[in-house]
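Okay, so here's the structure we're looking at.
Treat the numbers as computed from the prediction; the structure is a model and nothing was measured. Only heavy atoms go into these numbers, but all of them, side chains included; no hydrogens, no water, no symmetry mates.
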Amino acid sequence: MKIAAVFILAWAPLGAQEIKLPARLEKLAAKAEESVNITLDGTTLRLAARFLSDKDSEEARVKKAISGLESVSVHSYQFARDGEYDPADVNGLRAQLASPAWSRILGVKSTASQEDMDVYFKIDGKGQLAGVVIISAEPRGLIIVTIAGTLDLEQLADLGGQFHIPEMDLAGLGKGRKDVK
Amino acid sequence: MSARLLALFLAASGSLWGAGREFDQIVKAIESHYGVRRAHIPLMGVANLVTKAARPAGTSGFKLAIFEDLNRRQDDDAPAEMDEFMVRLGAGGAARGLTPLVQAHSRPDGVATYIFTGEIGHSTRVLIATFERYQATVIEVQVPMNVLLQLLQSPGHAAQMFGVGNERDER
């Protein structure tokens, strides 16, 4: 099944620019055949990290990945047919990412799967990763994820496959890696 | 009656919501909204023992309410309508310790699933409300962390994880 995904991973400290999901994207659930929205706030993430096991490899991986996050929000939509969502629906989101604070650090276009994935990073004044937005789209789906907090590329890669966040090949960025389940 | 009215009812009953009575409040809200009563489950204790085997290890405190013959209208249960109701529900609950975690919709099946959690811990209280076209279930259960992660991975099958709602409406 084809899935188009829009991922917004924004870990932004207080005062940092926030990414808002455009209203037209939020209405896509009515058109989608399947939709899933997951929201994990800072309290939930911190507590989850505290109680996740270090002994269980899967839990340990998640624990490490979420330990510095303030929030995670995933919006995933799958459609029955091509063209049931307008790629322009994502433009409002991309417009927010056009600000100088954000940099598009990864863009993947797959002709075979017709999947587009874009990863945007936000770097704070101290040179630390302060936000990430990932937009991945296929003809029959859309997913949106928002994360706030701090993590490195390896942790970002480890988040792939969790909470409906797609797996990402960040090897090209030098520090990340792809875990294949 | 729209989901908005259901939300109003829940808002009005907010004083009860969150006092450890979320399960009962949701049950009452659904009964009021759809004009139905929760189905009586004969020998619930025995059923609990039987279905316990189907539940993930480490779960406890299982509560279940099933509603039949809901006769939900499709326009009454549009995702936005249902989400609005559940967001208000979550907002009331969150103030007292419940946090909305997941909303999942399956249009072909007409199924909407909502998952809320209490304070995360070694064992976390989870409330799962599943609405099908003619049936709804509300589950409250304490789950260990690994089960909570499983719920996040497959929220659309949350009720089935506890041996509930395996069959789909065929009407």
Qualifying residue, where the test is side-chain contact (heavy atoms from CB on, under 4.5 Å) with Ile120(B) and the options are Leu45(A), Leu40(A), Thr44(A) =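 Of the listed options, the one satisfying the test is Thr44(A).
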Chain B contact via Asp41(A) - which portion, at a heavy-atom distance below 4.5 Å |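 Side chain only.
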Under 4.5 Å heavy-atom distance to chain B, tell me which part of Ala80(A) shows up: side chain, backbone, both or neither.
->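 Contact with chain B is absent: no heavy atom of Ala80(A) under 4.5 Å.
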At a heavy-atom separation under 4.5 Å, does Leu101(B) approach chain A through its side chain, its backbone, both, or neither?
->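 Leu101(B) touches chain A through backbone and side-chain heavy atoms alike.
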Distance, nearest 0.5 Å, that separates CE of Met145(B) from CZ of Arg50(A) |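 Separation between the atoms: 10.5 Å.
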Drop me the distance from Glu34(A)'s CD to Asp109(B)'s CG, to the nearest 0.5 angstrom.
->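 One gets 6.5 Å once the value is rounded to the nearest 0.5 Å.
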Shortest non-hydrogen contact between Ala30(A) and Arg107(B), atoms and distance =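 Smallest interatomic distance, heavy atoms only, reads O-NH1, 2.9 Å.
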Residue pair His164(A) / Pro155(B): nearest heavy atoms and the distance that separates them |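 Here His164(A) and Pro155(B) meet closest at NE2-CD, 3.4 Å.
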Give every residue pair that meets the salt bridge (Lys or Arg N to Asp or Glu O under 4.0 Å) criterion with at least one member in residues 90-104 of chain A, sequence neighbours excluded.
->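 The answer is Arg94(A)-Asp118(A), Arg104(A)-Asp118(A).
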Write out all pairs satisfying ring-ring contact (aromatic ring centres under 6.0 Å, His included) with one or both partners inside residues 42-67 of chain A, taking only residues at least two apart or from two chains.
->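 Found Phe51(A)-His122(B).
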Does the side chain of Thr99(B) reach to within under 4.5 Å of the side chain of Thr43(A), using non-hydrogen atoms?
->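 Side chain of Thr99(B) against side chain of Thr43(A), heavy atoms only: no contact under 4.5 Å found.
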Begin with the C-alpha distance, continue with both residues' side-chain angles, and end with the deciding distance and a verdict on side-chain contact (heavy atoms from CB on, under 4.5 Å) for Leu52(A) and Leu149(B).
-> CA-CA 10 Å; Leu52(A) 282 165; Leu149(B) 291 176; 3.6 Å; yes
Is a donor on one side and an acceptor on the other found under 3.5 Å between the side chain of Gln153(B) and the backbone of Phe163(A)?
->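 At least one qualifying donor-acceptor pair exists.
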